[in-house]
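Let me begin by presenting the structure, written as structure tokens, before commenting on it.
Computed over heavy atoms, backbone and side chain alike; hydrogens, waters and symmetry mates excluded. Quick note on labels: first sequence line is chain A, next is B, and so on, each numbered from 1.
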Amino acid sequence: MDRVDATEHFAQHAQGDLPSLLVLIIDINPIPWTTNPLSTALPFNTALSNLLLFLNAHLAFSHTNKVAVIAAAAPRGGGAKILYPAAELPTDTKGRPQSRPPQPAPQPGEPNKYRPFKDLEEGVLAGLGKVLASVNEEDDGTDRTVVSETRIAGALTLALAYINRLAGAGADNLGQTLTKGTGTTEAGTMQSRILVVSVAGDVASEYVPVMNCVFAAQKKHIPIDVCKVAGNSVFLQQAADATGGVYMKLDAPNGFLQYLMMAYLPDPAARQHLVLPTQANVDFRAACFCHKKVVDVGYVCSICLSIFCTVPPDNICMTCQTKLAHTVGGMVVRKKKKKKAGTATGSGAGTPTVGTPRP
Amino acid sequence: MTDTTSAPSLYKKKEGTLTADPSASLLTWTPNTAGPAPLTIPISCISNLQATPPTSAKVMIKVFALPPDAPPEAQPETHVFNFTVANARALADAVKDTLTTAIQTVKAASIAAALPAPTPELTPAAATALLSRPEHLDLSEKTLLSSFNLHTELLQSSPQLNRLFTTLVISGPLTPPQFWSTRLPLLRAFAIDRAQRKGPYNVLAAIKPKTVDNVIKMSLSREQIREIFEQHPVVRRAYDETVPGKLSEDGFWKRFFGSGLFRQLRGETARREDDVLDRFMDLPFESNELHPPTLPIPTTLSLSANAQNTSFTGNRPDLTMRPTSLPIQRTLNSLSIKLLDSVTPADALSSHPEEPQRLADLEPPPPEDSVRLHVQRLESVAAVDGEKRKEKPARPLYKALLSLSGPGSIDLAASAHPTSPSSFSTATNQITNLLNAQASSHKQSLKSLEIGEVPEVVTLCHGANMEFLRHFYNAFLSGDSKRMSEAGKIIGSVERGLERSKAVKEQLLKEAEASQSGTDIKAVKAREREVRRAEEVGGMLRGGEECLERAVGWWGSVNA
């Protein structure tokens, strides 16, 4: 119908004009940031400045581009907090919404700063300050502790939810049209991507939640880029590989700004035409479901495909409660050595993972 | 299966040892005493092999062999070997098995070596005569594996498969049953393909005269004649009445194809010219007896039974279905009816003629047949992580971060200048290296197009390696401890596969080196290019080699 009366062009958006949303997840785990070598090579304030420059660059590309900043490993609130943009109705310390939004403290000496840049910088720093200061508030009287691995699943989920809210349900990054009930079509409203700046390793117990986030991002064609300033992560490599993002472990952390500007700036539309400097060898190991150990060769339930490092007790799969028959390999196991996590006849089967060589 | 089996036996009442040696392709009988001469029969001369059934008391093997220089029609000589030792049955069976496999191998070799042109297309008329319904095809595993004809035809039809077969079975250690056991789907599809036949069709329309040297020639095969008689009984009557009385057979056909009867049957307007045959022209529509309905027509479809409810007003019938006096139409319609009657119906109407049609639209949907999975969250299991991770007090650390992130310490302009001058260039280098690596892996797929044809020796080597691996893993992982020995035999071939790949690679390199002679720059460059290409092609075998090594590793670890 639209084509007949020539109103079709109102509904179309040229691909290049799609606004782009960048969600930045900063890992503010204090242990890596305050210990050598990272604190000398790349102090926290320098890293923050570089990130702000990078976000300004992203905003400068188009008037419609948007940015969101999430902190992971925040001291309270489950470890994930949105720093920017701040919620419209901020809550006070007890969680009750305040009646009027507080005015941001005016910064002296910056009257000529480009407004969006100014808002971004002030918002991020204010939010970050609030989050970091919240460690002083204790609600249960115990001394808080922090470990050197970061839980990243909460931040990923928060980022995905934010993207979902902004981009509209149903639209994905390929700009595919979604059809409303009335028969009109509406092009995808926003292209989005996630950039994770990570300084620490994975928590193995988070394998399942992280993989869930990765699959959700895969479905929506949201690339997850990972900038590994320090530390080693297996799950983030898989996340970047599965979603088509860029994974880089920085050789020279003090060149942080250069890495950001050169490798992480293109948006999803431009990436289709570019060769991405992502790490070629991906560590595809998974963590077992029972002990959360990262395994190379293990047992896989043939019903629900959950991975175990050893034979589950009573031969009952732990997720789907199926009774499994189990014989090891069918080969004559002399001397009862448990050599093989090889295939098993019957319902339980183990598979060696198809692995590319680990870096 | 290249091991020889031997057993003590009696030949012509003399004691000796019967030895079957597949590798030398010989069956020999050496006497114990020096008296009679030893008997040597090349396995390729053995035409038949018989043995006494397991239930009989006597254990004998009879071998029919054609001496190599005898004419093919001569009677084969028989040699009878008696086994009288204690475990005669087992020994005799072993010898018999070795002999059978060796004979099969030799036979397959001779067929594959000949490799005539692929079997010519069956003429359509010949095809119609060989109607064999697919239901009568025996597609069981045993039949497929033992049908030698099927194997040879399949090998003839696919030269690639033939090459593989030659490499693996004739010059290699695999036996034909082993080779075919992993290719049962291929055999099955080919057997079904072979058994397909063309259905009945209008023969008269298919007969066309060929003009050779200004002489009109027409060729008729027996099957076509038979079809004509079936489809047009008038012609049969004419034939019966005129041959051998008035006309010879050849004469009959000559006149037939020029007569008006022929043209009338084809549907063209015909004049009466030929006095002999044209008196039958009036008959076609009288002698067409109404075909009796061979199947009971279900009441829902029968027009006559529903004549009360059927109104013949409405849309006019199709052009071909109107009652006209055009002879061509009547001919074609009656011909189509005849053709259809001769074909068995595909649907099962005949099985339930009386059951009324059930309309299932308004019935409730069928109950779901899925299996419910109860998936649990695994928090309870092994929540303890094992090792205690190092915990540090949080507050001072976060305070340190807070001090670093205050507005005063954030200076965007200053952070754009690196503290150490080389850090930016290190970063750039790392990024460009990664980009190059990624780009070259993109180019890799393009480069393989430059290789062009992969040399056949590489394909064969890889195919052989994969074949051995498949058989090895089939035996190894089957859970059957009896097949362990089989796996052990194949592991030898697997190891040899590794050596073979190495040999192939070396051969490729040698050829590349030798391909360009000369010492000038151009030749040197060309040689280098060839060597690189040979290395790349040889590198294609790398994946297979890794799998072979892994298999050898599994075997070694179990047997350790």
| said: With side-chain contact (heavy atoms from CB on, under 4.5 Å) as the criterion, how do A:Asn50 and A:Met261 come out once you've worked through the C-alpha distance, each side chain's angles and the decisive distance to 0.1 Å? | reply: CA-CA 9 Å; A:Asn50 288 344; A:Met261 290 299 194; over 6 Å; no
| task | Look up atom CG in A:Leu38 and atom CD1 in A:Ile31, then write down how far apart they are to the nearest 0.5 Å. | result | 12.5 Å
| message | Quick check on A:Thr35 against chain B: is it the side chain, the backbone, both or neither that has a heavy atom closer than 4.5 Å? | response | side chain
| task | Would you mind checking which part of B:Asn433 comes under 4.5 Å of any heavy atom in chain A, side chain (CB onward), backbone (N, CA, C, O), both or neither? | result | neither
| said: Can you tell me which portion of A:Thr46 sits under 4.5 Å from chain B's heavy atoms? Options are side chain, backbone, both or neither. | reply: both
| If we ignore angles and hydrogens, is there a donor and acceptor under 3.5 Å between the side chains of A:Ser39 and A:Thr34? | no
| So which of A:Phe256, A:Trp33, A:Tyr259, A:Phe44 has the biggest tally of heavy-atom pairs under 4.5 Å with chain B? | A:Tyr259
| field | Most chain A-contacting option - heavy-atom pairs closer than 4.5 Å, from B:Ser403, B:Ser423, B:Ser425, B:Ala416 | value | B:Ser423
| note | If one checks every heavy atom of A:Leu276 against chain B at 4.5 Å, the contacting part turns out to be backbone
| field | Positive for side chain to side chain contact (heavy atoms under 4.5 Å, CB included) with A:Leu83, one of A:Ile28, A:Val69, A:Leu125 | value | A:Val69
| query | Where on A:Thr278 is there a heavy atom nearer than 4.5 Å to chain B: the side chain, the backbone, both, or neither? | reply | both
| In terms of side-chain heavy atoms, does A:Asp251 have a donor or acceptor partner in B:Thr426 at a distance below 3.5 Å? | no
| task | Give me the one residue out of B:Gln178, B:Arg183, B:His462 that meets side chain to side chain contact (heavy atoms under 4.5 Å, CB included) with B:Glu467. | result | B:Arg183
| field | Heavy-atom proximity to chain A below 4.5 Å, by part of B:Ala437 | value | neither
